[in-house]
Every structure is written in C-alpha cells, then in structure tokens.
Amino acid sequence: MLSRDLLRSEDDTLASRLGLRGIAAGLLESWQSFDRERRSILGEVEQLKQRRNELSKQIGALKREGSDAEAVMAEVGELKAGIAGLEERLASTETELTDLEMAFPNLAHASVPAGADEAANRVERTVGEPRAFDFEPQAHWDLGPALGILDFERGAKVAGARFTAYFGSGARLERALISFMLDLHTAENGYIEVQPPFIVNTDALIGTGQLPKFEEDLFKLSGHEYYLIPTAEVPVTNLHRGEILEEERLPLKYVAHTPCFRAEAGSYGKDVRGLIRQHQFQKVELVHLTTPETSYEALEELTGNAEGVLQRLELPYRVVTLSTGDMGFSAAKTYDIEVWLPGQNAYREISSCSNCEAFQARRAGLRYRPAGGGKPRLLHTLNGSGLAAGRTLVAILENYQNADGSVSIPEPLRPYMGGADSIEVPVVGAG
RNA sequence: GGAGGGGUGGCAGAGUGGUCGAAUGCACCGGUCUUGAAAACCGGCGUCCCUUCACGGGGACCGCGGGUUCGAAUCCCGCCCCCUCCGCCA
C-alpha cells in the first residue's frame, strides 16, 4: 500500500509514476475523490458524535443528582439517526477507498529502468564464464531421468503436470543444497533460521501483497480460509505483523527453507518440460526487516548473499535490474539473479531480490520505535531467494554434466552427499 | 472432537452500565536530592484517524465483528486465539 499522504499529494508526477507500473490515471483521480468524500463525511459524523457524547455525560450527571433528563435524552435521540446514516455512507466510502488503494502497486525507485517489460531490464554484472563443452550439453530433463534421479512421469501420476518425483542422489542433492545454503546464511551471513507455517491465512497474504489481486496464482485449501504459501516471504515477513519493534533489534535477518506452491495460472505452454516451472518447489528464502535509511544497502547485501551461493558452487550468472513494467506488485526495486543453463543456452532466473520499502510494512503493520524514542515508524521489508533449490539443482546438472552423462558434484556439496564426487549413470540390465 | 477457564496499556494486574483511555505495581524517560550511584520524592510515559501554520481541538480503540442503550471495557449474539483436563494422534 502507498501512503494516503502520498496519494493525496498535488505532485503531478505521481500519476505518471503509477502509469509506469501499469495504473491508469483515472484510478488515482477516483481514489482522490473518494478520499475527499470520506473526510467530509468523517467531519460531519464526528461533530455529531461530539455533541452526543457531551449530552450523554449530561444525562449521567442529571440522573445522578436525581433530576429529570427527558429533554436531553430526546435531543440525543434525534442525533442517533443522523449518525447512523452518516456512518453507513462512511463505511461504503471506506470500502471503495481501500479496494482502490489495495490495487495500487508500489512505486519504482528512481534507479529502476522505465519500460513495459523484460526488454527494458538492465544487466548490472555478469559473473563467471560459461563453460566450454567439447560435447553437446544435455538439458536436465534428459539428464535427470537418464541418471534415474528425476521422474516426471511418476510425479504426474501421483499429482499431475508440473509435479516431479526425485529419487536417490537427486533427492539427496536437493537436500544437500538446502542444508548448504542454510548453513552458509546462518553461519557466515548472520541470518536467523526460521521454520514458518507452510499454510497461511488471508491477512498474511494481504500483508505481503498477494491478495486481494493475485488469488488465481495461489492454491487455496477447500473449505478453509487457508492457502499454501507461494513463497516463504509470506509467512516470514508477516511474523512480526502488528508489532512495534525496538530499533536496537534491527535489522532482523531471517532465512527459511520451505516448500512453495504456485498455481501457475496462465503459464500454459511455458517451460512445460523439466523442473523450471513447477506447482511445488523448495526454496531457501532471505528476509530483512530494517530501517528506511538502510534498506538499499540491505538490498545489496541480500543480493550479495544470494550471489554468494552461486559463487561457492561456481555457477556462472548475471544480475539484472528489473524494469518498472517487469517488477512484482510490492517491489520498489528488484534484482533478478539469472544462472547460466547450458542445456537451454540461456540465463534463467534463480533468485529475485526485492526492496519493498514500506509497501508491505504498511499493509502488515510492521513498525519500529526509533532508538531515541518517539513515534513508531514503518519498517522497510526485503526478500530474496537464496536460492530456489529446484532451479539450483537444474543448474548443477546442466553445468556439471560430463560427456558420459554423469554429473560431478561441486566441492562444497560433497560433505552433504556422503563424500560422493559425482552422480553416475546406473548400469541398467547389466548381467 | 468433548468439558472447563481466559484474552484490558511494554509487562503484571484492577475494573460488571455513566465522573474509564482506563486504578495500582513494575519497567522506561526527565527532575530534586547526592562527590557519584542507589534509595526516596516529584513529574512524564499507548495507538490510529480527522482538523489546525502552530498551540490546540475532536473522534475511535480494553481479542475481532455485530447488537441492546441517551451512554458499553462492563449486558446480548457470532467468530478467532490462548491455557487446563479428557479422547485421538505424527
């Protein structure tokens, strides 16, 4: 949510900044007219209430001294209908106002490139050299089944399209990746490990911005007001909802490993093969709650923490700043980290790191008390994958594949793999 | 799932229809005293909204949402959460 002060402002660049995020100018104007109406009704109703409160006190005083209060009670009685009518109008105006403001996306930070889609994204840096293969590298959807570690057919059998069963070293490799990432972020980057609920209520989803606008992306539990989490960002960012934190405790840096569930509505025909786009995947998520003054430093730090995983695994990648049109709803600035996938001959997103500034904090009531005392202020929230486990496994399979179809295991993961240095193609039907 | 108890300010804990945004204690902030500190004493100390250049004024909030009433923390209805015991269970 944007602040009402901002939405009210005379600033004529506001409409165009919203326009960059895909919001028609008329929506701002209608918000402003509902806001004017609300304040005018509020003024009237509060005046009547003031009168009512005064008279009610008089009645109390009169009755206590045994006097007749009939006349005063009659006067209050006349106020009642007026108050009720105004409050009804006030409530419906409030509803219009909040429905509108819930639909406004965050404004982009000044450093974000303007543009309609990913064509306007800006590459910030490219790290690592894609490996030169002396054979034709395979895609993971060929490598995985051949190694007997990924089974798309059986995943589809027990659930449906976009679900995968992992076997043997594949299952273990993903678990190794998760453990490796959690250990790195907690031991070296100062994160507190959190295991949040994997099911959340509507308030949490409103807090981070998935609701009310993007319900079709979520899996909802039948018969309950519960949803499977699309990302750990939702439960973790909402952990301190409605709280006022002491500034001394900041920044709060959380890392959480969770499964993520996404309906992927409207993505039919996109990435239909392999692990890239699944209804269920695992992710290690990084979340920062910090002060407005430090949130952009925190974005660099968080992004660097995510890059650190790729660097340790020696996977080539690049960092891209998303354009105003490509960013998510709640973000003010987003860096996507894209890993090189030889099997696709392309860089593909493996992490998305965003500073949401006060946008989510305002929705979720995340505040802090400044160190010197004084009024509570809104926090800034940040989140980013550090990293998506399934896609990292894809990157390892494709980048570390050998000519014989085996896959080498990157050094840092070997302790988590029982010391194994490779996953070998099984000898089928031998003997 | 069954039975019972409970949700009040940072914490503890009063308050069962009016003078209650809410006693009291602790914590916290300022002051007096003191060489300094502690103790003692004095004062301050919630959040949101509207309005005002400002000082200030007003409204709302005692888990959430409705209702009764001139007036609700207090009465009624629904819901949520927590605790205890029983059952079931990873």
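Residue numbers start from 1 in every chain, and the chains themselves are labelled A, B, ... in the order their sequence lines are given, proteins ahead of strands. Since the model is a prediction, treat every value here as computed from it, not as a measurement. Any value given below was found using the heavy atoms of this structure, including those in side chains, with hydrogens, waters and symmetry copies removed.
- Within residues 356-364 of chain A, no residue is approached by RNA chain B to less than 4.0 Å at the level of any non-hydrogen atom.
- The residue A:Leu55 sits apart from the nucleic acid: no heavy atom pair falls under 4.0 Å.
- In terms of the ring pair (Phe, Tyr, Trp, His ring centres under 6.0 Å) criterion, residue partners of A:Phe329 (sequence neighbours excluded) are, by chain and number, A:Phe214, A:Phe359.
- Across all strands shown, B:C33 has no partner, as no Watson-Crick or G-U wobble contact with both distances under 3.5 Å is found.
- Nucleic acid contact class of A:Arg4 (heavy atoms, under 4.0 Å, all strands): none.
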| If the sugar-phosphate is the primed atoms plus P, OP1 and OP2 and the base is the rest, what is the B/S/- string for nucleotides 52-65 of chain B, using protein heavy atoms under 4.0 Å? | ------BSS-----

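- Spacing between B:C29 and B:C80 at atom P, rounded to whole Å, works out to 42 Å.
- Pairing for B:G1 is with B:C86, a Watson-Crick or G-U wobble pair whose two hydrogen-bonding atom distances lie under 3.5 Å.
- The side chain of A:Ser56 has B:G71 as its nearest neighbour among B:C48, B:C49, B:G71.
- When only modelled atom types and interatomic distance are considered, A:Tyr317 and A:Gln311 share a side-chain donor-acceptor pair under 3.5 Å.
- Among the protein residues, A:Arg36 comes within range of no part of the nucleic acid, since none of its heavy atoms lies under 4.0 Å from any strand.
- A donor-acceptor pair shorter than 3.5 Å can be found between the side chains of A:Gln360 and A:Thr381.
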